[in-house]
Engineer: 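My questions all concern the structure below.
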Amino acid sequence: MIAFIRFADGLSAWFGKAFAWLILLMTFGTSYEVFVRYIVGRPTPWALDVSFIMYGTLFMMGGAYTLSRGGHVRGDFLYRLWRPRTQATVDLVLYIFFFFPGVTALIFAGWKYASRSWGYGEVSVNSPAGIPIYQFKTAIVAAGILLFIQGIAQVFRCIQCIRDGFWIEAEEDVEETETLLIKEKKNELSGDQA
């Protein structure tokens, strides 16, 4: 189980970090659009669609990575007060009855939308440029599959926690600035007390 958890975490991290580069592309694309629209006076017909497509792809492909790092929203005001075994039991039930049916529906619906879209070479109707969007709809299926794989790893984490009484954490990775500042402050306070 631990080997699968590490595999899924690594896979999710790889895809999440790879697609995070879309942020730079979106920044350059939006900056270019602002320049040509307001300085040159010749707006592009494709910029809005491309930014929507890139943002949507980034959002979907980062979902499994966020799940692996415990970054999705939850009712922490109650959850954090529970013992790890109670947390794991509740999580396990929620994964089985809500997460997997939802992600499975995402995969099958995404497959239907993507295959139809590829079949007739769908383009965006929102812009005169006719930006192709069939590849974007394929990202729905890919994101669903990644979430499903990561969901299995999360179920294994729950089982391990129920058995052992503690959570298997994801490997060290990027940390929120807030978390780093809290750690720094704790270190300062413990140094002052010594």
Side-chain angles (χ1 to χ4, degrees), residues 7-76 94-95 97-154 170-171 173-180:
F7 162 75
D9 285 352
L11 183 68
S12 296
W14 189 90
F15 275 98
K17 290 174 183 178
F19 278 89
W21 288 100
L22 286 176
I23 294 170
L24 287 178
L25 290 176
M26 288 185 334
T27 302
F28 290 129
T30 302
S31 299
Y32 174 78
E33 175 61 19
V34 168
F35 176 76
V36 298
R37 177 178 298 258
Y38 295 108
I39 305 298
V40 180
R42 301 193 57 165
T44 63
W46 50 264
L48 183 64
D49 279 335
V50 170
S51 67
F52 281 164
I53 289 169
M54 284 194 285
Y55 179 73
T57 303
L58 171 64
F59 181 79
M60 288 187 297
M61 297 305 288
Y65 176 62
T66 305
L67 180 62
S68 74
R69 298 307 189 249
H72 288 290
V73 176
R74 68 171 76 228
D76 280 344
L94 294 175
Y95 277 115
F97 289 108
F98 295 102
F99 178 84
F100 285 112
V103 170
T104 302
L106 175 72
I107 293 168
F108 284 114
W111 182 266
K112 183 174 80 173
Y113 292 134
S115 63
R116 252 193 265 153
S117 186
W118 277 90
Y120 58 85
E122 185 177 8
V123 297
S124 173
V125 296
N126 296 323
S127 80
I131 303 294
I133 59 172
Y134 47 85
Q135 74 283 5
F136 175 61
K137 291 192 175 180
T138 304
I140 297 169
V141 179
I145 292 169
L146 287 171
L147 278 169
F148 199 92
I149 292 168
Q150 188 61 49
I152 294 169
Q154 297 305 104
E171 292 181 12
D173 198 34
V174 179
E175 281 196 73
E176 298 276 342
T177 304
E178 179 181 298
T179 306
L180 292 172

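On a predicted model such as this, the values are computed, not experimentally measured, just so you know.
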Engineer: Can you name the nearest heavy-atom pair linking L67 to Q154, along with the distance?
Structural biologist: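 Residues L67 and Q154, closest heavy atoms: O-NE2, 3.7 Å.
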
Engineer: Report the distance from atom CD1 of I140 to atom CH2 of W111, rounding to the nearest 0.5 Å.
Structural biologist: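 Those atoms lie 13.0 Å apart.
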
Engineer: To the nearest 0.5 Å, what is the distance between CG on L146 and CH2 on W14?
Structural biologist: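 Going from CG on L146 over to CH2 on W14, the span is 10.0 Å.
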
Engineer: Just grab all the side-chain hydrogen bond (donor to acceptor under 3.5 Å, both in side chains) pairs involving residues 17-28, residues at least two apart or on different chains.
Structural biologist: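 Non-adjacent pairs meeting side-chain hydrogen bond (donor to acceptor under 3.5 Å, both in side chains): K17-D173.
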
Engineer: Mind telling me whether F15 and F19 have parallel, tilted or perpendicular rings, with 30° and 60° as the class edges?
Structural biologist: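 Rings of F19 and F15: parallel, as their planes differ by under 30°.
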
Engineer: Residues in side-chain contact (heavy atoms from CB on, under 4.5 Å) with I152, at least two apart?
Structural biologist: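 side-chain contact (heavy atoms from CB on, under 4.5 Å) check on I152 returns F4, F100, F148, F156.
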
Engineer: Any heavy-atom pair between the side chains of F99 and L94 that's under 4.5 Å?
Structural biologist: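 With C-beta onward as the side chain, the pair stays apart.
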
Engineer: R37: what forms a side-chain hydrogen bond (donor to acceptor under 3.5 Å, both in side chains) with it, not counting sequence neighbours?
Structural biologist: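 R37 satisfies side-chain hydrogen bond (donor to acceptor under 3.5 Å, both in side chains) with E33 once adjacent residues are dropped.
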
Engineer: Determine all donor-acceptor pairs shorter than 3.5 Å in which one atom belongs to a side chain in residues 48-64; sequence neighbours excluded.
Structural biologist:
unit_1: D49; atom_1: OD1; unit_2: S124; atom_2: OG; d: 3.3
unit_1: D49; atom_1: OD2; unit_2: S124; atom_2: OG; d: 2.9
unit_1: D49; atom_1: OD2; unit_2: S127; atom_2: OG; d: 2.6
unit_1: S51; atom_1: OG; unit_2: A47; atom_2: O; d: 3.3
unit_1: S51; atom_1: OG; unit_2: L48; atom_2: O; d: 2.8
unit_1: T57; atom_1: OG1; unit_2: I53; atom_2: O; d: 2.8

Engineer: With a 6.0 Å cut-off (strictly less than), is the heavy-atom count around CH2 of W46, excluding the residue itself, greater than 12?
Structural biologist: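 Correct, the count exceeds 12.
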
Engineer: Can you list every pair that meets salt bridge (charged side-chain N to carboxylate O under 4.0 Å, His left out) and has a residue in residues 136-146, with sequence neighbours left out?
Structural biologist: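 Matches after skipping sequence neighbours: E122-K137.
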
Engineer: Report the distance from atom NZ of K112 to atom CD1 of I107, rounding to the nearest 0.5 Å.
Structural biologist: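 Nearest 0.5 Å value for the NZ-CD1 distance: 15.0 Å.
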
Engineer: Is it true that atom CZ of F28 has more than 12 heavy atoms of other residues, nucleotides or ligands lying nearer than 6.0 Å?
Structural biologist: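 No, the 6.0 Å shell around CZ holds no more than 12 heavy atoms from other groups.
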
Engineer: W118: what forms a side-chain hydrogen bond (donor to acceptor under 3.5 Å, both in side chains) with it, not counting sequence neighbours?
Structural biologist: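 So W118 forms a side-chain hydrogen bond (donor to acceptor under 3.5 Å, both in side chains) with T138.
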
Engineer: State, yes or no, whether a side-chain contact exists between V36 and T44 at a heavy-atom distance under 4.5 Å.
Structural biologist: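 Yes, side chains in contact.
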
Engineer: Which distance, rounded to the nearest 0.5 Å, do you find between the OG of S115 and the OH of Y134?
Structural biologist: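 Between atom OG of S115 and atom OH of Y134 there are 14.5 Å.
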
Engineer: Can you name the nearest heavy-atom pair linking Q150 to S12, along with the distance?
Structural biologist: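 Smallest heavy-atom distance, with atoms named: OE1-OG, 2.7 Å.
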
Engineer: Could you tell me which non-hydrogen atom of S68 sits nearest to which non-hydrogen atom of D9, and how far apart they are?
Structural biologist: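 In terms of heavy atoms, the two residues are closest at CB-OD1, 3.4 Å.
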
